[in-house]
2 protein chains.
Amino acid sequence: MHQPTAPELEILKLLWLKQPLTARELHDELAPVLGWGYSSTRKTLERMGAKGFIACSIHCNKNTYTALLDKMPTLAAYVQDFANRVFEINGPLPVAMFANSKLVNASEIADLELLLQKLAQESAADPQAAASKDN
Amino acid sequence: MHQPTAPELEILKLLWLKQPLTARELHDELAPVLGWGYSSTRKTLERMGAKGFIACSIHCNKNTYTALLDKMPTLAAYVQDFANRVFEINGPLPVAMFANSKLVNASEIADLELLLQKLAQESAADPQAAASKDN
DNA sequence: TATTAGCTGCGACAATTGTCGCAAATTTTG
DNA sequence: CAAAATTTGCGACAATTGTCGCAGCTAATA
C-alpha cells in the first residue's frame, strides 16, 4: 500500500481537523486550493475509500467521510520515506525541523519522534522488508 | 515542471556522483536496487531526457548521460515541497535534519540552507500567485 | 568478412492519477 | 405533491509511470 497522493493528503488533513465531513464540505474547502470540480473531489474520495484511507458512512441521511489513517503514523511514514529516499538518511531522524509546522503541536512532535525511531529500527533490522512494505 | 520521480532521482544521484555514464553503467547500479530490466532503465533515461533532467551525448561511440539538474537546488526543491505540502511549514527550514545524510556534506548543507531561505522568501512574498490572483 | 553480442529507437500495455459528465435517486421546497 | 436542487454511483478519457519486447544497426571477433 503506498502513501496518499498530494490531494489525498489534503483531504486527510481536513478530516484530521474535523470529522466526519460530507463530500460537499470537503469540496468547499478544497476547491479554492486545488481548483477542482465537485466531481473530482468525489472521485478522489471514492478512490480513497477503495484504498482504505477513509471510510464512508451515513450521517443525517448523507454520506460522510472519516479518516481511517491515523495522523501521526501517516506523517511519520512520509518523513521516513522522504529522508530515506531523497537524503539516504537511515539513522534516527531529528524532529526539530517540524517545530514550525502548523499541522502538529509539541506533543505530536514527541509522538513523531518515537514513531520515527521505531521506523528507523525496523529498516535497520530488516532493510528489504521495511523498504518494500510500503511499496 | 515536476520533480523527478523516485527512480529518476536514483538515476540523478548516480550521475551526481560520476558523470557521464552509459545506460549500461547506470543499469548495473540500479538493477539490484530497483529490480529493473535493462529496457526499463533505458526508457526511464529516455523520458528523463525528454523532460530535460538529463542530456544524452556521444562519448567513445556510446550514448552517455549527464545530469542537467543541479544537485543542491534539486534537493532543496524536494525539501521545500515536502515541508510545505506535508507539514505546512512556510518559514525558513532548519537543516539540522540533514546532518546524517550520506548524500550531502557540510558545505552542501550550508548551500541547502541558503537555497531554502530563498525558496521560503519567494513563497512568502508570492503565495500561490497563479491560483488566486483575485484577492 | 560473416557472425554474434550488445546498443538504440520505438512501440506497447497495464496501473495510477487527474478530472470530468451523466443519468438515476433523493431531498428540499413552493 | 410536483418541480427544482442536490447527491450518488459509475463510466470515461487523457497523461504519467512502471515495465517490457522487438527489429534494426553497430561494433567486436573468429
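Everything numeric here is computed off the predicted structure, so don't read it as measured data. Order of the sequence lines sets the chain letters (A, B, ...), proteins ahead of strands, with each chain counted from 1.
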### Query
In whole Å, what is the span from the OH atom of A:Tyr38 to the C1' atom of C:dC22?
15 Å
### Message
Rounding to an integer number of Å, can you tell me how far A:Trp36 CH2 sits from C:dT19 P?
### Response
7 Å
#### Entry: B:Lys51 side chain reached by B:His2 side chain, heavy atoms, under 4.5 Å
no
### Task
State, with a plain yes or no, whether a side-chain heavy atom of A:Leu26 is found less than 4.5 Å away from one of A:Leu15.
yes
### Summary
A:Arg24 atom CZ is separated from D:dA5 atom P, nearest whole Å, by 14 Å
### Task
Could you tell me whether A:Glu10 and B:Arg85 make a salt bridge, using a distance below 4.0 angstrom between a side-chain N and a carboxylate O?
no
### Query
Using the C1' atoms of five pairs at each end, what's the angle between the two axes of the helix from C:dT1-D:dA30 to C:dG30-D:dC1, to 10 degrees?
10°
### Query
In whole Å, what is the span from the CE atom of A:Met48 to the P atom of D:dG9?
16 Å
### Task
For A:Ser40, enumerate each residue passing the side chain to side chain contact (heavy atoms under 4.5 Å, CB included) test, keeping only those at least two apart in sequence or located in another chain.
A:Trp36
### Query
Is there a side-chain contact between A:Leu45 and A:Thr41, using heavy atoms and a 4.5 Å cut-off?
yes
### Nearest-angstrom distance from the residue atom CG of B:Leu30 to C1' of D:dT19
14 Å
### Query
So which of residues 5-17 of chain A are in contact with DNA chain C, with a heavy-atom cut-off of under 4.0 Å?
A:Thr5, A:Pro7
### Query
Can you name the side chain to side chain contact (heavy atoms under 4.5 Å, CB included) partners of A:Leu114, sequence neighbours left out?
A:Gln117
### Query
Taking CG from B:Leu34 and C1' from D:dT17, how many angstroms apart are they, rounded to a whole number?
13 Å
### Task
Check whether any side-chain N or O of A:Ser40 sits under 4.0 Å from OP1 or OP2 of C:dC20, and answer yes or no.
yes
### Query
Are B:Trp16 and B:Asp70 close enough that some pair of their side-chain heavy atoms sits under 4.5 Å apart?
no
### Message
In whole Å, I'd like the distance from the CG atom of B:Leu45 to the P atom of D:dC20.
### Response
14 Å
### Message
In whole Å, I'd like the distance from the NZ atom of A:Lys51 to the P atom of C:dA15.
### Response
15 Å
### Message
Between B:Val86 and A:Leu9, is the side-chain contact (heavy atoms from CB on, under 4.5 Å) condition met? List the steps.
### Response
CA-CA 8 Å; B:Val86 180; A:Leu9 180 60; 3.9 Å; yes
Could you run down the sub-3.5 Å N/O contacts of the protein with nucleotides 10-13 of chain C?
from: C:dG11; atom 1: O6; to: B:Lys43; atom 2: NZ; distance (Å): 3.1

### Task
Go through the structure and list residues passing side chain to side chain contact (heavy atoms under 4.5 Å, CB included) with B:Ser39, not counting sequence neighbours.
B:Arg42
### Message
Show the nearest heavy-atom pair for residues B:Val104 and B:Phe98, with the distance to one decimal.
### Response
CG2-O, 4.1 Å
### Message
Contact between A:Ile54 and A:Thr66 at the side-chain level, heavy atoms closer than 4.5 Å - yes or no?
### Response
no
